[in-house]
Amino acid sequence: MTQSRRNFLRNSACGLSAAALLSSLDQFNLVQAMVQELTAAASDYRALVCIFLSGGNDCNNTIIPLDSEYNNYFAARNPSGLAIPQASLLPLPNSIGGGGRPFGMHPNLSPEVANPALAKGLLDVWNAGRLAVLFNTGNLVQPLTRAQYLAGAAKPYQLFSHSDQVTQQQTVSSKAVGQTGWGGRVADLTGALNAGGLPMNVSVAGTNLFQTGISTRQLAIASTGSLSGVLNLNWANGVSSVAPFNAGSSYRALLGMDNDSFLIKGASDTTNGALTADAALNLAGDPALTAVFPVTSLGNQLKQIAKLIKVRDLTGITMKRQIFFCTLGNFDTHTNQTSGTLTGSQGNNFTQLSQAMKAFYDEMVAQGIGDKVTTFTQSDFGRTLQPSGSGAAAVGSDHAWGNHTFIMGGAVNGRAFYGTYPVLALGGPDDTDNRGRWIPTTSTDQFAATLAAWYGLAPADVPSVFPNLSKFAPQNLGLVS
């Protein structure tokens with residue numbers, strides 16, 4: 001049977017290809033009993049949208065204290081030109097949490113304040129109570145103080161390394177290299193909440209570890225264009241009797257063969273998934289949206305996600321839970337990070353981030369599901385308070401650890417700060433090595449588990465998805481409800 005299958009594939013010159021297919025057939029040695037049978041699809045709809053800020057966003061120029069500690073920030077960064085003038089910061093009024101302290105955000109996170117001709121950013125979402133900030137979160141093996149760190153206590157594997165810390169952010173596994181992402185493991189255990197159609201995990205930024213599960217495979221599609229064309233499946237052989245797009249074809253029959261072999265079944269499932277997704281997206285066309293999205297990399301990605309959400313209940317698509325992934329790059333700002341208004345790598349990125357997030361939020365509200373979609377940011381790590389280099393074109397910051405993250409959506413308990421803001425002092429109580437590398441006070445485990453619980457992960461399944469969570473408290477941060 002194996003030889004006949006091989007001959008069939010060769011002789012019929014199978015040519016099924018895709019510009020963006022389901023992710024590769026990995027993790028077969030790990031596929032065990034982690035898939036939970038659920039008896040019925042969910043009655044409501046919920047989605048998580050991860051925006052990964054690739055390169056390591058500098059939290060120290062993202063959210064800045066407006067009280068006396070601004071002086072510490074300014075003293076550390078101003079000699080090199082990295083500090084943002086206090087008058088340029090956008091105050092975040094009427095806030096909850098943060099110890100009652102006043103904070104402001106980078107001016108480009110709502111660029112319309114300085115220039116009303118520009119599209120709006122995140123300040124309106126904050127004022128509406130639908131945006132929150134989690135302070136100083138990051139990868140941790142266990143709770144850690146500066147004294148413990150200096151004494152050699154356990155810390156994340158390959159700390160300060162881009163690739164390793166990205167992996168840990170996406171897997172929530174800080175002791176070693178993780179093989180599955182937390183979004184993928186959540187999908188493993190909640191996949192049956194959907195009745196059919198597209199895979200639960202969809203990326204508009206290529207395949208990623210975050211959405212890779214044990215049994216879950218992500219769908220990676222193009223970030224622009226009509227939904228009917230984002231997969232671009234093609235068949236090189238013109239013989240209709242073997243075409244995979246035709247029900248009852250010999251190719252379709254082949255996909256049912258040899259399913260007692262695990263690898264063959266995996267390959268068949270992947271191909272079947274691609275064909276099913278292609279058929280569903282062909283029904284979708286190119287749905288009209290209400291919000292105007294910026295024509296930028298992230299704007300295009302979030303627009304595509306908004307379209308996928310809008311067609312979730314079309315014929316052939318019955319999606320009650322979805323997890324999306326998109327990225328914005330160029331945050332590895334060793335140089336050209338500043339200045340404090342509309343120029344520099346981070347400033348330009350923040351303009352793009354804020355305008356795209358605001359448009360996406362507005363579209364979810366227009367679709368009537370503002371409280372059903374929660375968007376959040378993640379990044380490799382934070383960056384040093386101590387500048388790297390000097391001068392407008394050269395100044396930047398180096399790899400660090402703890403970072404601040406945004407959480408946005410109608411279910412977010414917003415206009416609020418969560419976690420503990422670090423003491424902005426080189427060699428201070430939160431610093432690792434006198435450069436302003438903050439030891440996280442909230443673990444990525446806590447953050448991810450909070451979002452997963454809102455999404456619908458059963459309490460009994462939390463330990464299998466987040467095995468290290470038991471070391472931290474609280475295990476639910478109360479970010480969403």
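Basis for what follows: all heavy atoms, side chains included, without hydrogens, waters or symmetry-related copies.
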Next item on the list: Measure the shortest side-chain to side-chain distance between Thr441 and Phe135 over non-hydrogen atoms and say whether it is less than 4.5 angstrom.
Entry: no
Check: In terms of side-chain heavy atoms, does Ser223 have a donor or acceptor partner in Asn300 at a distance below 3.5 Å?
Finding: no
Check: Charged N to carboxylate O below 4.0 Å: is that the case for Asp430 and Arg146?
Finding: no
Next item on the list: Run the numbers on Tyr70 and Phe103 for ring-ring contact (aromatic ring centres under 6.0 Å, His included), then give the verdict.
Entry: CA-CA 9 Å; Tyr70 176 85; Phe103 291 92; over 10 Å; no
Check: Considering all heavy atoms of both residues, which atom of Ala291 and which atom of Asp362 are nearest to each other, and what is their separation?
Finding: CB-CB, 4.2 Å
Item checked: Residues Thr180 and Thr212: side-chain donor-acceptor under 3.5 angstrom -> no
Item checked: Non-hydrogen side-chain atoms of Leu328 and Ser54 separated by less than 4.5 Å -> no
Margin query: Donor-acceptor check, side chain of Gln168 to backbone of Pro156, threshold 3.5 angstrom: yes or no?
Written below: no
Notebook entry, point to check: In terms of heavy-atom contacts, does NZ of Lys175 have more than 12 from other residues, nucleotides or ligands at under 6.0 Å?
Noted result: no
Notebook entry, point to check: Could you state the interatomic distance from CG (Asp188) to OG (Ser215), rounded to the nearest 0.5 Å?
Noted result: 3.5 Å
Notebook entry, point to check: Are the side chain of Thr442 and the backbone of Gly419 linked by a donor-acceptor contact shorter than 3.5 Å?
Noted result: no
Check: Does Ile407 reach the side chain of Leu134, with side-chain heavy atoms less than 4.5 Å apart?
Finding: yes
Check: Would the Trp126 and Phe417 ring centres measure less than 6.0 Å apart?
Finding: yes
Check: Between Gly389 and Val395, which heavy-atom pair has the shortest distance, and what is it?
Finding: O-CG2, 3.6 Å
Note to self: Using a 6.0 Å cut-off, check whether atom NZ of Lys372 has over 12 heavy atoms from anything other than its own residue.
What the structure shows: yes
Next item on the list: Measure across Thr450 and Leu479 and return the closest heavy-atom pair with its distance rounded to 0.1 Å.
Entry: CG2-N, 4.0 Å
Next item on the list: May I have the step-by-step check of salt bridge (charged side-chain N to carboxylate O under 4.0 Å, His left out) for Glu69 and Arg101, ending in yes or no?
Entry: CA-CA 10 Å; Glu69 195 166 13; Arg101 298 173 59 192; 2.7 Å; yes
Checklist line | Residues Leu353, Met357; criterion side chain to side chain contact (heavy atoms under 4.5 Å, CB included); working and verdict | finding: CA-CA 6 Å; Leu353 175 69; Met357 287 181 68; 3.6 Å; yes
Margin query: Quick one: does any side-chain atom of Asn349 pair with a main-chain N or O of Asn330 as donor and acceptor, under 3.5 Å?
Written below: yes
Notebook entry, point to check: Is there a donor-acceptor pair closer than 3.5 Å between any side-chain N or O of Asn468 and the backbone N or O of Val141?
Noted result: yes
Notebook entry, point to check: Is there side-chain contact between Val177 and Tyr157, with heavy atoms separated by less than 4.5 Å?
Noted result: yes
Item checked: Check: Thr384 side chain, Gly436 main-chain N or O, donor-acceptor pair, under 3.5 Å -> no
Notebook entry, point to check: Do any N or O atoms from the side chain of Arg77 and from the backbone of Leu385 form a donor-acceptor pair under 3.5 angstrom?
Noted result: yes
Item checked: Short side-chain to backbone donor-acceptor contact, Gln378 and Thr405, under 3.5 Å -> no
Item checked: Leu92 side, atom CG; Leu131 side, atom CG - distance, nearest 0.5 Å -> 8.0 Å
Checklist line | Flag side-chain contact, heavy atom, 4.5 Å: Asn194 against Met319 | finding: yes
Checklist line | Pairs where residues 429-449 contributes a residue and the test ring pair (Phe, Tyr, Trp, His ring centres under 6.0 Å) is met, not counting sequence neighbours | finding: Phe376-Phe447
Margin query: Any heavy-atom pair between the side chains of Arg437 and Phe160 that's under 4.5 Å?
Written below: yes
Notebook entry, point to check: With no hydrogens and no angle check, is any side-chain donor or acceptor of Thr145 less than 3.5 Å from a backbone partner on Gln148?
Noted result: yes
Next item on the list: Would you mind reporting whether Cys326 and Leu302 have side-chain heavy atoms less than 4.5 Å apart?
Entry: yes
Notebook entry, point to check: Closest approach of Pro287 and Lys310, non-hydrogen atoms and distance?
Noted result: CB-CD, 4.2 Å
Margin query: Quick one about Asn208 and Gln170 (side-chain donor to acceptor, distance below 3.5 Å, no hydrogens or angles considered), yes or no?
Written below: no
Next item on the list: Give the ring-plane orientation class for Trp182 versus Phe466, where under 30° counts as parallel, over 60° as perpendicular and anything between as tilted.
Entry: tilted
Checklist line | Geometric cation-pi criterion, Arg312 with Tyr45: 6.0 Å, 45° | finding: yes
Next item on the list: Verify the distance criterion only: is there a donor paired with an acceptor across the side chains of Glu112 and Ser110 at less than 3.5 Å?
Entry: yes
Notebook entry, point to check: Should we count NZ of Lys358 as having more than 12 external heavy atoms under 6.0 Å?
Noted result: yes
Margin query: Could you check whether Asn61 and His106, counting side-chain N and O atoms only, form a donor-acceptor pair closer than 3.5 Å?
Written below: no
Check: From Ser228 OG over to Asp286 CG, what is the distance, rounded to the nearest 0.5 angstrom?
Finding: 7.0 Å
Note to self: For a quick check under 3.5 Å, do Ser379 and Gln169 share a side-chain donor-acceptor pair by atom type?
What the structure shows: no
Note to self: If we count only N and O atoms by modelled type, under 3.5 Å, do the side chains of Asn136 and Tyr418 hold a donor and an acceptor together?
What the structure shows: no
Checklist line | Interatomic distance, Asn403 atom CG to Asp58 atom CG [nearest 0.5 angstrom] | finding: 8.0 Å
Margin query: Please tell me whether Thr216 and Asn201 have a donor and an acceptor in their side chains that are separated by less than 3.5 angstrom.
Written below: no
Notebook entry, point to check: Which atoms form the tightest heavy-atom contact between Phe472 and Asp445, and what is the distance?
Noted result: CE1-OD1, 3.9 Å
Item checked: Pair His334, Asp332: side-chain N/O donor-acceptor within cut-off below 3.5 Å -> yes
Margin query: Between Leu159 and Phe381, is the side chain to side chain contact (heavy atoms under 4.5 Å, CB included) condition met? List the steps.
Written below: CA-CA 9 Å; Leu159 189 59; Phe381 36 56; over 6 Å; no
Notebook entry, point to check: Any luck finding a side-chain donor-acceptor pair between Thr351 and Gln355 under 3.5 Å?
Noted result: no
Note to self: Side chains of Ser397 and Asn60 only: does a donor on one sit below 3.5 Å from an acceptor on the other?
What the structure shows: no
Check: Between the main-chain N or O of Met200 and the side-chain N or O of Arg321, is there a donor-acceptor pair closer than 3.5 Å?
Finding: no
Notebook entry, point to check: Which atom names give the shortest non-hydrogen contact between Val186 and Ala452, and what distance separates them?
Noted result: CG2-CB, 3.8 Å
Notebook entry, point to check: Stepwise, does the side chain to side chain contact (heavy atoms under 4.5 Å, CB included) test hold for Tyr73 with Ile84?
Noted result: CA-CA 9 Å; Tyr73 158 84; Ile84 299 176; 3.7 Å; yes
Next item on the list: Taking Gln301 for its side chain and Ile51 for its backbone only, find out whether a donor-acceptor pair lies under 3.5 Å.
Entry: no
Check: Does a donor on one side chain and an acceptor on the other come within less than 3.5 Å for Ser95 and Arg415?
Finding: no
Notebook entry, point to check: Hey, mind stepping through Met105 and Ile63 against side chain to side chain contact (heavy atoms under 4.5 Å, CB included) and telling me if it holds?
Noted result: CA-CA 5 Å; Met105 65 181 180; Ile63 304 293; 3.6 Å; yes
Note to self: Thr444 and side chain to side chain donor-acceptor pair (under 3.5 Å): which single residue from Thr171, Thr137, Asn139 fits?
What the structure shows: Asn139
Item checked: Non-hydrogen side-chain atoms of Asn57 and Phe331 separated by less than 4.5 Å -> yes
Notebook entry, point to check: Hey, is Arg435 close enough to Asp398 for a salt bridge, meaning N to O under 4.0 Å?
Noted result: yes
